[in-house]
Amino acid sequence: VATSQDQEKSRKEHRVVIVGAGFAGFHAARELSRLAGATAEIVVINSTDYFLYLPLMPQVAGGLVEPRHICASLPHRLRSTRFVLGTVRYVDPRQKVVSWAGPEGASGQVPYDRLILTAGSVNKLLPIPGIAQYAHGFRSIAEAIYLRDQITRQLELAAVAADADERQARCTFVVVGAGYTGTEVAAQGQLLTTRLARKMPGLAGQQIRWMLLDTAPRLLPELAPPLSRTADRVLRRRGVQVRTGQSVAEALDGYVQLSTGEKVATRSLIWCVGVRAVPLVSGLDLDTNRGRLVVDEFMAVPGAPGIYACGDCAAVPDLTRPGQICGMTAQHAQRQGKQVARNVAASLGTGRARPYKHHDEGFVVDLGGLAAAANPLNVPLSGPPANAVTRGYHLVAMSGNRMRVLADWTLNAITPPEATSFGVISAESVPLDPDNPRA
Ligand SMILES: Cc1cc2nc3c(=O)[nH]c(=O)nc-3n(C[C@H](O)[C@H](O)[C@H](O)COP(=O)(O)OP(=O)(O)OC[C@H]3O[C@@H](n4cnc5c(N)ncnc54)[C@H](O)[C@@H]3O)c2cc1C
């Protein structure tokens with residue numbers, strides 16, 4: 001690796017290393033290739049060989065979209081960069097070197113002139129007893145595939161269970177966290193179970209219970225109230241038990257205890273309470289704000305020459321709301337990625353650096369079927385118009401596979417889902433807390 005990289009570097013004047021190719025890193029790499037590809041070698045290091053379009057993950061869990069269709073090949077789409085399949089373990093800001101480890105024991109070091117940290121976030125844990133053991137998160141494609149399998153398997157086992165209590169527990173799904181992830185997971189999951197149960201005679205007359213809990217007073221607390229009202233109305237109409245101002249106090253084998261004292265028997269506890277910056281950031285000996293790397297409005301890390309960061313792992317100042325930092329959204333990450341590329345290019349002599357400033361352009365929440373809540377340019381929409389805007393938005397925002405996703409939606413609208421669970425991803429292989437892997 002060192003030899004070929006050195007040859008490439010000797011042909012170009014600079015080397016820019018990008019750690020993490022999600023919304024921020026992927027778009028940074030593309031913009032930087034365009035602006036400075038002739039003079040700078042761009043090295044992209046990512047733990048997976050794909051860019052995961054996270055906003056459609058609830059639809060993967062809900063069986064609407066196939067998992068590979070929300071994954072875009074990085075080596076294919078970043079052909080004008082050097083792609084390294086590996087996980088960055090360490091950054092040495094003094095020596096300006098990044099150390100990575102590959103999937104099959106390979107490892108290496110890459111010196112940089114500029115470094116862009118865009119490694120994103122991981123599931124956020126709360127110190128609630130039993131959560132690490134019995135809950136599953138929703139941040140990786142493996143977790144989405146696991147959840148779809150889990151939902152299918154629980155219904156199949158319930159359909160043949162002789163004991164009524166066991167049947168009800170298997171048909172009870174508890175989602176904790178009613179942000180956009182938890183709300184969409186509950187919406188898509190409830191539709192999937194309804195459609196699957198129709199083809200299972202053993203579940204005739206059986207209640208299938210979905211609960212969505214949040215300590216906040218309303219669903220989608222981070223979004224505009226009209227979106228919350230639409231989501232609340234749609235979910236309640238479908239029978240989802242929306243519990244605001246409540247959470248899980250403890251998770252035990254076979255049931256959860258709510259903060260109200262109520263006991264709910266379930267085999268499926270889905271943890272969507274949010275995310276925190278990747279642990280790589282806290283190990284850097286650089287300042288953090290709420291766990292995210294402190295950066296200035298140009299997304300440069302103060303006191304670390306040549307290092308930039310953005311997306312979920314960085315606390316980018318929100319110039320539209322003075323004193324606050326940007327939310328952890330794809331919308332911000334993608335735009336920050338493009339802007340950080342321009343700023344890095346400017347630092348290498350091309351163009352001019354500008355601060356990051358982006359006014360919120362609204363949000364889209366797909367609630368399954370023809371239901372959605374959206375507020376494009378702050379115009380609140382619900383029902384089929386919101387659904388059309390939501391799906392159109394995703395098709396435009398995706399970095400590929402648009403026809404495949406469109407075909408998935410079309411097929412699912414006219415044919416029932418298949419009740420199949422591959423079981424290739426075990427509960428143990430998707431622990432909520434990788435440091436405490438007893439799922
Ligand atoms: C289920 C779900 C649904 C969402 N829906 C929406 C939505 O509808 N709208 C919206 O605006 N936002 C949504 N978000 C939030 C949005 O996806 C994130 O804010 C966005 O992905 C952040 O972009 P990022 O580039 O910072 O991180 P990511 O997109 O997560 O990319 C980080 C990349 O870094 C890689 N990586 C991590 N650690 C390392 C390492 N040590 N070495 C090398 N590579 C590494 C990862 O493999 C990944 O490719 C959703 C999030 C989730 C989980």
Side-chain angles (χ1 to χ4, degrees), residues 57-58 61-62 123-139 143 147 150-151 154-155 158 165-194 197 206-275 363 365-369 371-373 382 432:
M57 278 229 314
N123 286 313
K124 180 166 75 183
L125 271 155
L126 295 179
I128 296 175
I131 286 299
Q133 286 91 329
Y134 299 111
H136 282 95
F138 202 74
R139 185 69 182 71
E143 287 165 329
L147 181 56
Q150 164 75 3
I151 291 171
Q154 291 312 307
L155 292 194
D165 290 341
E166 180 191 338
R167 214 164 43 239
Q168 185 58 65
R170 291 194 187 279
C171 288
T172 300
F173 301 88
V174 179
V175 181
V176 190
Y180 45 74
T181 300
T183 299
E184 287 196 357
V185 165
Q188 300 289 352
Q190 191 273 342
L191 279 187
L192 177 65
T193 52
T194 305
Q206 172 67 44
Q207 182 201 18
I208 298 179
R209 189 180 185 199
W210 278 84
M211 297 180 80
L212 177 58
L213 312 172
D214 202 302
T215 49
R218 61 179 173 101
L219 292 190
L220 303 171
E222 72 280 51
L223 304 185
L227 298 188
S228 304
R229 286 195 291 274
T230 301
D232 194 272
R233 193 178 61 242
V234 169
L235 292 190
R236 286 183 199 270
R237 203 173 50 214
R238 288 191 196 148
V240 174
Q241 297 178 6
V242 176
R243 306 282 191 93
T244 50
Q246 301 180 24
S247 189
V248 168
E250 187 171 9
L252 298 115
D253 192 10
Y255 69 96
V256 291
Q257 174 112 36
L258 305 190
S259 51
T260 53
E262 188 183 342
K263 264 185 176 182
V264 178
T266 180
R267 307 289 168 91
S268 307
L269 179 57
I270 306 143
W271 188 251
C272 301
V273 297
V275 292
F363 220 87
V365 183
D366 194 312
L367 299 168
S382 61
L432 182 58

Problem - Side chains of V248 and L258 in contact at under 4.5 Å (non-hydrogen atoms) - result: yes

Problem - N/O donor-acceptor pair under 3.5 Å between S228 side chain and L219 backbone - result: yes

Handout entry: Minimum heavy-atom distance between F138 and V185, given as atom pair plus value
Key = CE2-CG2, 3.6 Å

Exercise for the section: Would you give the length of the straight line joining atom CD of Q150 to atom CZ of R170, rounded to the nearest 0.5 angstrom? Expected result: 8.5 Å

Practice task
Measure the CD-CD1 distance between Q257 and I128 for me, rounded to the nearest 0.5 Å.
Solution key: 12.0 Å

Practice task
Could I get the full list of side-chain contact (heavy atoms from CB on, under 4.5 Å) partners for P129, not counting sequence neighbours?
Solution key: E250

Handout entry: Residue pairs, two or more places apart or on separate chains, that pass ring pair (Phe, Tyr, Trp, His ring centres under 6.0 Å) and touch residues 208-234
Key = F173-W210

Problem - Heavy-atom side-chain contact between Y180 and P58 under 4.5 Å - result: no

Problem - Any M57 side-chain heavy atom under 4.5 Å of Q188 side chain - result: no

Handout entry: Validation row: P217, T244 side chains within 4.5 angstrom (heavy atoms)
Key = no

Handout entry: Side-chain (E143) to main-chain (R139) donor-acceptor, under 3.5 angstrom
Key = yes

Exercise for the section: Quick one: pull up CD1 in I270 and CG in L213 and give me the separation to the nearest 0.5 Å. Expected result: 10.5 Å

Problem - For the student: nearest non-hydrogen atoms of L192 and A61, plus distance - result: CD2-O, 3.6 Å

Exercise for the section: State the CZ-OG1 distance between R238 and T194, to the nearest 0.5 angstrom. Expected result: 8.0 Å

Exercise for the section: Locate the shortest heavy-atom distance separating T193 from Q190; write the atom from each residue and the value. Expected result: OG1-O, 2.9 Å

Handout entry: Nearest heavy-atom neighbours spanning C171 and Q206
Key = SG-CG, 3.8 Å

Exercise for the section: Check T230 against S382 and note the closest heavy-atom contact, atom names and distance. Expected result: CG2-CB, 3.5 Å

Handout entry: Nearest heavy-atom neighbours spanning A251 and I131
Key = CB-N, 4.1 Å

Handout entry: Min side-chain heavy-atom separation S268-T172 under 4.5 Å
Key = no

Exercise for the section: Show the numbers, then the answer: is there a side chain to side chain contact (heavy atoms under 4.5 Å, CB included) between M211 and T266? Expected result: CA-CA 11 Å; M211 297 180 80; T266 180; over 6 Å; no

Exercise for the section: Hey, could you give me the CD/CG distance between Q241 and L235, rounded to the nearest 0.5 Å? Expected result: 12.0 Å

Exercise for the section: I would like to know whether T215 and V273 meet side chain to side chain contact (heavy atoms under 4.5 Å, CB included); could you show each step before the answer? Expected result: CA-CA 10 Å; T215 49; V273 297; over 6 Å; no

Exercise for the section: Please examine the side chains of L367 and T183, heavy atoms only from C-beta on, and report whether any two atoms are closer than 4.5 Å. Expected result: yes

Fill in the blank from the handout: d(L220 CG, R229 CZ) to nearest 0.5 Å is 12.0 Å

